[in-house]
Protein chains: 2
Amino acid sequence: MCRTRAVLDIVGDKWALLVVRTLRDGPLRFTELKRAIDGISQRMLTVTLRDLERDGLLTRTVFNVMPPHVSYELTPMGLTLREAAAPLLEWSVAHLPAIDAARSDYDGRG
Amino acid sequence: MCRTRAVLDIVGDKWALLVVRTLRDGPLRFTELKRAIDGISQRMLTVTLRDLERDGLLTRTVFNVMPPHVSYELTPMGLTLREAAAPLLEWSVAHLPAIDAARSDYDGRG
DNA sequence: CAGTATCCTCTCGGATACTG
DNA sequence: CAGTATCCGAGAGGATACTG
């Protein structure tokens, strides 16, 4: 099995890249992330954050205060992932209309 | 729902980026792709190629000979995707060891 | 060679309810 | 606030067998 698949599991994750991108400008709290990432469920945000933490891409910092305060921040490696993923995300946004058109065309003939 | 999610559905596909990368140096036949992409099943290669064709990212050319000959080649848009994805794939290869280490470390404490 | 067809399992991920 | 726990349905994707 090609090793590249292991990292495409990160990229292919439904939410991981969006979380990484959302953290580009500095640390955020759980609720702030949830608000920023439209459509993500509480459960999936938790799971995604845990996975990214496990992979060494972000850090989780708990402040023992009331009410609880947890801060998520990209690690240096997480920042390099953000840089590497940026062109792909930009490509995606730029080519979305072209892909929609190609699909309509394809389906119209099929 | 954030529009970026729609494009991550294209890019987040388990095999799509590997197919695009494998076609970077020119057209390949079905069996050549299957051999080059370690671990992909016959079914998933078929499905992935169909999706990429539908999205206008590659072309499928059938030569009516015996035995059958089908050639897959990136479109100009497919080539731009390949360019956009290159940094991420390089990042993947470069950081795999670090991610493995982070996982072992995390699991060792958890 | 380049698929299609079928079956079947397993994981992803949403909804909901509860807690320190 | 920042989670955890539980349940559940849909669909991704692998294995296998067959075909023009």
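Chain letters run A, B, ... following the sequence lines, proteins first and then strands; every chain starts at 1.
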Compare the minimum distances between each of [options] and the side chain of [X], then state the nucleotide with the smallest one.
| X | options | result |
| --- | --- | --- |
| Arg50(B) | dC1(D), dG13(D), dG3(C) | dG3(C) |
| Arg43(A) | dC7(D), dC1(C), dT4(C) | dC7(D) |
| Arg60(A) | dA2(C), dG13(C), dA2(D) | dA2(D) |
| Pro68(B) | dA2(D), dC1(C), dG3(C) | dC1(C) |
| Val70(B) | dA2(C), dT4(D), dG13(D) | dA2(C) |
| Lys14(A) | dG13(C), dC1(D), dG14(D) | dG13(C) |

Ion pair Arg103(A)/Asp107(A), N-O distance below 4.0 Å: no
Please answer whether the main-chain N or O of Gly56(A) pairs with a side-chain N or O of Thr75(A) as donor and acceptor at a distance below 3.5 Å.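 Checked: pair present.
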Whole-Å gap separating [atom2] ([N]) and [atom1] ([X]):
| X | N | atom1 | atom2 | answer |
| --- | --- | --- | --- | --- |
| Gln42(B) | dG3(C) | CD | P | 9 Å |
| Asp51(B) | dG13(D) | CG | P | 10 Å |
| Leu45(A) | dC1(D) | CG | C1' | 13 Å |
| Asp9(A) | dC10(C) | CG | P | 18 Å |
| Leu33(A) | dA2(D) | CG | P | 9 Å |
| His69(B) | dG3(C) | NE2 | C1' | 14 Å |
| Glu32(B) | dC1(C) | CD | P | 10 Å |
| Met44(A) | dC12(C) | CE | P | 8 Å |

Any Tyr72(B) side-chain N or O less than 4.0 Å from OP1/OP2 of dG3(C): yes
Within less than 4.0 Å of OP1 or OP2 of dC1(C), is there a side-chain N or O belonging to Arg29(B)? no
All heavy atoms of Lys34(A) vs all of Ile40(A), minimum pair found to be NZ-O, 3.1 Å
Over all atoms of both residues, closest heavy-atom pair of Met77(B) and Asp55(B):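 Looks like CE-O, 3.2 Å.
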Quick one: label Thr31(A) by what it contacts on the DNA or RNA (base, sugar-phosphate, nothing), any heavy atom closer than 4.0 Å.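 Contact class for Thr31(A): sugar-phosphate only.
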Give one of base, sugar-phosphate or nothing for Phe63(B), where a contact means two heavy atoms less than 4.0 Å apart.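 Since no nucleic acid heavy atom lies under 4.0 Å of Phe63(B), the category is nothing.
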Spacing of Glu32(A) atom CD and Leu23(A) atom CG [to the nearest 0.5 Å]: 10.0 Å
Spatial distance of atom CG (Asp105(B)) from atom CG (Asp100(B)) [nearest 0.5 Å]: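 Here the interatomic distance stands at 12.5 Å.
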Are there runs of at least three consecutive Watson-Crick or G-U pairs touching DNA chain C, with each pair's two distances under 3.5 angstrom? Give them by first number.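 For DNA chain C the paired stretches long enough to count as stems (3 pairs minimum) are C:1-20 with D:1-20.
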Identify, between Phe30(A) and Asp13(B), the residue whose nearest nucleotide on DNA chain D lies closer to the 5' end.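 Residue closer to the 5' terminus by nearest nucleotide: Phe30(A).
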5' precedence on DNA chain C between Arg35(B) and Thr46(B) (nearest-nucleotide basis):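 Whichever sits nearer the 5' end wins; that is Arg35(B).
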From the options Leu28(A), Leu49(A), Val19(A), select the one residue that forms a side-chain contact (heavy atoms from CB on, under 4.5 Å) with Tyr72(A).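 Only one of Leu28(A), Leu49(A), Val19(A) forms a side-chain contact (heavy atoms from CB on, under 4.5 Å) with Tyr72(A), namely Leu49(A).
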For residues 35-55 of chain A, which residue pairs pass the ring-ring contact (aromatic ring centres under 6.0 Å, His included) check, not counting sequence neighbours? none
